[in-house]
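Predicted, not measured: the structure shown is a model, and the values here were computed from it.
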Amino acid sequence: MSSSGRIAFLPWVTLPDSVRVAGFQFVPVRNFGELGLHLPESLIGSAKRAIQTHVDRNSNPVESFTLVLRVRSEPRWRITEEQFSKVLYASEVLAVSCLSEQRFLLGHFAPHLNATIFRPVSMAINSENDAVSTTTRRRGQALRVGGLCFQSIKFQCPPQVEHTGCEEVNIGLARAIHRASRLKDPLSKRLGMSIPLFLLANAEDQTLQDAQCLVLSAVAFERLLAPSQSKSLTLACAFDDALKDRSTKKLASSPKVVLDHDPKFSTEQGSWSIAKKWIKELYEVRSAEVHRGQNKQLSSNWSYRQHMVISAFAFPLVAKKLLQSAGHYELQKLDEVRLDVLDDLLLSDWGDGRFKEPEWPSIISDEQVSREIRQAIFRALK
């Protein structure tokens with residue numbers, strides 16, 4: 001008896017463990033022998049040939065990947081075209097849950113990941129033949145091309161997936177995001193509007209310039225924080241309010257940060273946290289790119305490269321804080337460390353990339369050690 005259907009998978013990443021996200025199971029498959037655990041025997045050959053249409057830059061077929069399975073219905077492997085939109089949502093939640101745990105500025109050979117590796121693929125498989133069709137998004141419609149076979153089509157990995165991988169998934173964050181969605185928390189809509197922009201900004205897509213990525217990051221923050229007005233100052237206040245109850249450093253005590261020359265801002269900025277000044281400058285980058293260029297009365301303390309790293313670091317922290325305030329998420333120890341050193345990171349020496357290492361890793365690790373010592377002393381005195 002012939003059988004057929006569609007499978008969904010992430011060809012460019014193998015997760016460290018199987019995780020359940022938004023009604024789907026993301027299962028790492030490290031060799032094709034493991035496909036028998038999830039697919040009927042009659043479809044293993046077709047599934048293997050479908051997946052191996054995805055090749056690396058040397059045209060070698062992928063050897064491991066992440067398979068997407070349904071959780072509550074059989075057959076678990078079959079993902080219909082109608083269900084694929086839900087897979088896209090689950091993959092976005094998975095992506096931000098992994099990116100939230102990324103370590104930054106650890107050196108060239110340190111673990112690295114981007115949003116591109118979490119983009120799922122859907123392909124049809126059939127026990128009787130290797131016929132395949134491709135579907136490409138077009139403005140207002142889609143283009144489907146049939147009459148192909150697996151041997152005649154290859155999908156080469158995007159260059160930005162080279163030397164990437166995922167070592168950790170914050171499943172608590174994934175559950176919190178999905179829980180907010182199921183409960184129809186108003187925060188869920190803001191997350192749903194902002195996460196895709198955050199992921200696009202951090203896809204490291206070769207067609208996007210740094211400035212375009214920063215525009216996307218700034219709008220992602222704007223959609224997540226929902227300030228009352230689309231202004232840099234309003235967004236900065238909303239950002240600062242979202243990150244309340246953390247350890248902060250004030251601009252008045254930080255001579256490294258140049259204040260704005262505009263009297264509208266300079267008179268009050270001394271009492272701001274460093275992070276509040278940073279998010280204001282990020283939004284001003286967005287405004288400069290979208291409108292008429294940089295306002296010469298406004299200072300610029302961080303380069304585009306630095307803004308990109310800080311944005312990728314800070315966005316998940318803000319999302320976690322908002323989810324915590326809504327009762328969906330519990331901050332982890334590393335979350336608290338990162339929140340408390342945010343201002344220190346913004347003031348830190350970024351190094352020169354060769355002879356002097358950036359201070360980010362040592363600032364975070366020193367704070368972790370200090371917290372452990374303080375907690376040990378507290379327990380001993382209790």
Output all residues satisfying side-chain contact (heavy atoms from CB on, under 4.5 Å) with Q102, sequence neighbours left out; order by chain, then residue number. L99, F104, H112, L113
Tell me the ring-ring contact (aromatic ring centres under 6.0 Å, His included) pairs involving residues 37-84, sequence neighbours left out? F9-H54, W12-H54, F32-F65, H54-F155
For A288, side-chain contact (heavy atoms from CB on, under 4.5 Å) partners two or more places apart: Q294
Applying ring pair (Phe, Tyr, Trp, His ring centres under 6.0 Å), can you list everything that pairs with F198, at least two apart in sequence or on another chain? F315
Using a 4.5 Å side-chain heavy-atom cut-off and chaining through intermediate ILVMFWY residues, the residues clustered with V71 come out as none
Only pairs at least two apart or in different chains count here, so list each ring-ring contact (aromatic ring centres under 6.0 Å, His included) that has a residue in residues 122-146. none
Checking N58 now: which residues fulfil side-chain contact (heavy atoms from CB on, under 4.5 Å) with it, not counting sequence neighbours? D56, N60
Connected-component partners of I377 among ILVMFWY, side-chain separation under 4.5 Å: V369, I373, L381
The test is side-chain hydrogen bond (donor to acceptor under 3.5 Å, both in side chains); show your working for Q25 and S18 and say whether it passes. CA-CA 7 Å; Q25 197 78 26; S18 176; 2.8 Å; yes
Considering only heavy atoms from C-beta outward, does the side chain of S181 approach that of Y89 to under 4.5 Å? yes
Can you name the side-chain contact (heavy atoms from CB on, under 4.5 Å) partners of L251, sequence neighbours left out? V257, L259, Q269, W272, I274, K277
Looking only at non-hydrogen atoms, find the nearest pair between Q156 and R57 and report the distance. NE2-O, 3.0 Å
With sequence neighbours excluded, give me every ring-ring contact (aromatic ring centres under 6.0 Å, His included) pair touching residues 325-349. none
Would R30 and S64 satisfy side-chain hydrogen bond (donor to acceptor under 3.5 Å, both in side chains), going step by step from the backbone distance to the final call? CA-CA 4 Å; R30 294 178 174 83; S64 64; over 6 Å; no
Excluding sequence neighbours, so at least two apart, what forms salt bridge (charged side-chain N to carboxylate O under 4.0 Å, His left out) with R103? E168
Note: with side-chain heavy atoms under 4.5 Å as the link, the other cluster members for L37 come out as none
S3 and S42: CA distance, side-chain angles, deciding distance, side-chain hydrogen bond (donor to acceptor under 3.5 Å, both in side chains) verdict: CA-CA 7 Å; S3 57; S42 61; 3.2 Å; yes
Verdict with supporting geometry, D344 and K249, salt bridge (charged side-chain N to carboxylate O under 4.0 Å, His left out): CA-CA 8 Å; D344 295 305; K249 282 187 167 53; 2.8 Å; yes
